Amino acid sequence: MRKILKTEFFDRSSVTVAEELLGKFLVRERKIGEKKEREMYKIVETEAYEGLLDRASHASRGQTVRNAPMYGLPGTIYVYFTYGMHFMFNIVCGKKGHPAAVLIRGVESCSGPGRLTKKLGIDKRLNGKMLGKTSGLWVQWVEDRIEVRDKSYEIRKVKILRTPRIGIRYAGPIWSKKLYRFVLQSL
DNA sequence: ACGATGATGAAC
DNA sequence: TTCATCATCGTA
């Protein structure tokens, strides 16, 4: 069983979405010559950036050209360039007009938001587009069963770690301490 | 532990 | 005009 996550999944608090994205699969479909190549990566690390009040968020000082996609529909792709080196990949959450997003920081085979975008070929061309077949980037849920006895299955157990977000000390004592980073620990 | 990278936006 | 940033790599 599998299903592609729709806009309703992302039409919630970025903190909820960040936690629930753990264990889901980021799918990247790219054209390599004539063929379409599809890769799937299990999401294991995320961070939430929630609303205008969140001082760690790009939206904390209002709308700008760069952060405009954060104000779009849930499921919008927000890619920005930072430190003159790296693209960061975020998924917009909540209603249109409410700036919130989840930064995808790591998948099972690749840790670090900059490394991730490099590996998946995510850059500004995707900025502002919706997740889906058209953009060649989406998230899907796959039933994660393990056989425990003959023809008997159960869902794999996981542990979720919550920590403060990375690299945001500038955000002040309240927002820099929020436990908005989620890490999936496989058991 | 630190410098280079060099888009974007805020502070000055 | 200068400075810091939702990193990462190479060099020390």
Side-chain angles (χ1 to χ4, degrees), chain A residues 5 9-24 26 28 39 41-131 135 137 139 160-185:
Chain A
L5 302 187
F9 179 90
F10 302 102
D11 187 11
R12 296 180 292 165
S13 155
S14 59
V15 180
T16 306
V17 174
E19 180 164 14
E20 291 194 15
L21 276 175
L22 295 180
K24 304 292 191 295
L26 187 59
R28 183 70 170 125
E39 303 161 300
Y41 302 94
K42 186 184 274 190
I43 297 168
V44 297
E45 186 180 345
T46 58
E47 276 180 4
Y49 290 85
E50 181 53 48
L52 287 163
L53 299 177
D54 182 355
R55 287 190 53 202
S57 172
H58 286 166
S60 67
R61 281 162 253 140
Q63 188 167 347
T64 65
V65 174
R66 179 176 64 165
N67 69 23
M70 291 185 78
Y71 290 76
L73 293 168
T76 298
I77 298 165
Y78 172 40
V79 177
Y80 67 90
F81 190 69
T82 194
Y83 294 111
M85 294 266 306
H86 305 291
F87 293 105
M88 300 287 122
F89 165 50
N90 301 257
I91 302 174
V92 174
C93 297
K95 300 253 180 287
K96 184 172 160 64
H98 175 254
V102 171
L103 172 65
I104 309 299
R105 291 190 58 90
V107 293
E108 214 162 37
S109 61
C110 183
S111 176
R115 287 172 166 184
L116 172 79
T117 54
K118 190 177 179 190
K119 179 167 181 164
L120 301 205
I122 294 169
D123 60 29
K124 287 215 98 162
R125 287 174 294 188
L126 288 167
N127 189 35
K129 295 189 172 168
M130 295 297 289
L131 289 173
S135 57
L137 185 62
V139 183
I160 292 170
L161 198 67
R162 280 190 78 157
T163 80
R165 292 169 289 181
I166 304 295
I168 55 141
R169 257 174 300 157
Y170 65 90
I174 295 167
W175 290 95
S176 65
K177 284 178 188 153
K178 295 255 184 211
L179 301 177
Y180 281 3
R181 173 169 172 258
F182 298 89
V183 184
L184 183 68
Q185 318 237 276

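Computation of the quantities below employed the complete heavy-atom set of this structure, encompassing side-chain atoms and omitting hydrogens, waters and symmetry-equivalent molecules. Protein chains get the first letters and strands the later ones, always in sequence-line order, with residue 1 at the start of each. Here the structure is a predicted model, which is why all the values come from computation and not from measurement.
Remark: A:Lys129 pairs with no residue by the salt bridge (Lys or Arg N to Asp or Glu O under 4.0 Å) rule, at least two apart or across chains. Applying the salt bridge (Lys or Arg N to Asp or Glu O under 4.0 Å) test to A:Glu19 and every residue at least two apart in sequence or in another chain returns nothing. Remark: A:Arg55 engages no residue in a salt bridge (Lys or Arg N to Asp or Glu O under 4.0 Å) (not counting sequence neighbours). Not counting sequence neighbours, A:Glu50 has no partner by the salt bridge (Lys or Arg N to Asp or Glu O under 4.0 Å) test.
Within the structure, a side-chain polar atom (N or O) of A:Arg105 is placed less than 4.0 Å from OP1 or OP2 of C:dA7.
If you take CD1 of A:Ile166 and C1' of C:dT8, they are 14 Å apart, rounded to a whole angstrom. Separating the OH atom of A:Tyr80 from the C1' atom of C:dA4 is a distance of 13 Å, rounded to the nearest angstrom. Going from atom CD1 of A:Ile104 over to atom P of C:dA7 covers 14 Å, rounded to whole Å.
Stems are defined here as 3 or more consecutive Watson-Crick or G-U wobble pairs with pairing distances under 3.5 Å; those involving DNA chain C are B:1-5 with C:7-11, B:7-11 with C:1-5.
When side chains are defined from C-beta on, A:Asn90 does not count as touching A:Ile104, because their heavy atoms never get closer than 4.5 Å. No side-chain heavy atom of A:Val17 sits under 4.5 Å from any side-chain heavy atom of A:Ile91. Annotation: side chain of A:Phe182 is not in contact with side chain of A:Glu45 (no heavy-atom distance under 4.5 Å). Between A:Leu52 and A:Pro99 the shortest side-chain heavy-atom distance falls below 4.5 Å.
A distance of about 22 Å separates the P atoms of C:dC9 and B:dT8, rounded to the whole Å. Separating the P atom of C:dA12 from that of B:dT5 is a span of 15 Å, rounded to the nearest Å.
Sorted by first then second residue, the salt bridge (Lys or Arg N to Asp or Glu O under 4.0 Å) pairs that include residues 75-101 of chain A, not counting sequence neighbours, are A:Asp11-A:Lys95. Screening residues 72-83 of chain A for side chain to side chain donor-acceptor pair (under 3.5 Å) gives A:His58-A:Tyr78 as the qualifying pairs, with residues at least two apart or on separate chains.
Note on A:Leu103: a base of the nucleic acid sits closer than 4.0 angstrom, heavy atoms only.
Under the 3.5 Å distance criterion, the side-chain polar atoms of A:Ser176 are matched with a main-chain donor or acceptor of A:Gly172.
With values rounded to the nearest 0.5 angstrom, A:Ile166 atom CD1 is found 4.0 Å from A:Arg181 atom CZ. Rounded to the nearest 0.5 angstrom, A:Cys93 SG and A:Leu21 CG are separated by 7.0 Å. For the atom pair OG1 of A:Thr46 and CG of A:Leu22, the computed distance is 4.5 Å after rounding to the nearest 0.5 Å.
Between A:Arg165 and A:Trp175, the shortest heavy-atom contact is NH2-O, 3.0 Å.
Of all the residues in residues 113-120 of chain A, A:Pro113, A:Gly114, A:Arg115 reach under 4.0 Å from DNA chain C with at least one non-hydrogen atom. Taken residue by residue, residues 53-78 of chain A places heavy atoms nearer than 4.0 Å to DNA chain C at A:Ala56, A:Ser57, A:His58. Shown for residues 84-91 of chain A: residues whose heavy atoms fall under 4.0 angstrom of DNA chain B, namely A:Gly84, A:Met85.
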Name each donor-acceptor pair under 3.5 Å that joins a side chain in residues 114-128 of chain A to protein atoms two or more places apart or in another chain, with its distance.
unit_1   : atom_1 : unit_2   : atom_2 : d
A:Arg115 : NH1    : A:Ser111 : O      : 3.4
A:Thr117 : OG1    : A:Phe87  : O      : 2.7
A:Thr117 : OG1    : A:Pro113 : O      : 3.4
A:Thr117 : OG1    : A:Gly114 : O      : 2.9
A:Lys119 : NZ     : A:Ser109 : OG     : 3.2
A:Asp123 : OD1    : A:Arg125 : N      : 3.0
A:Asp123 : OD1    : A:Arg125 : NE     : 3.1
A:Asp123 : OD2    : A:Arg125 : NE     : 3.2
A:Asp123 : OD2    : A:Arg125 : NH2    : 2.7
A:Asn127 : OD1    : A:Val79  : N      : 3.0

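Contacts between chain A and DNA chain B, taken as any atom within less than 4.0 angstrom of a protein heavy atom, begin and end at B:dT5 to B:dA10.
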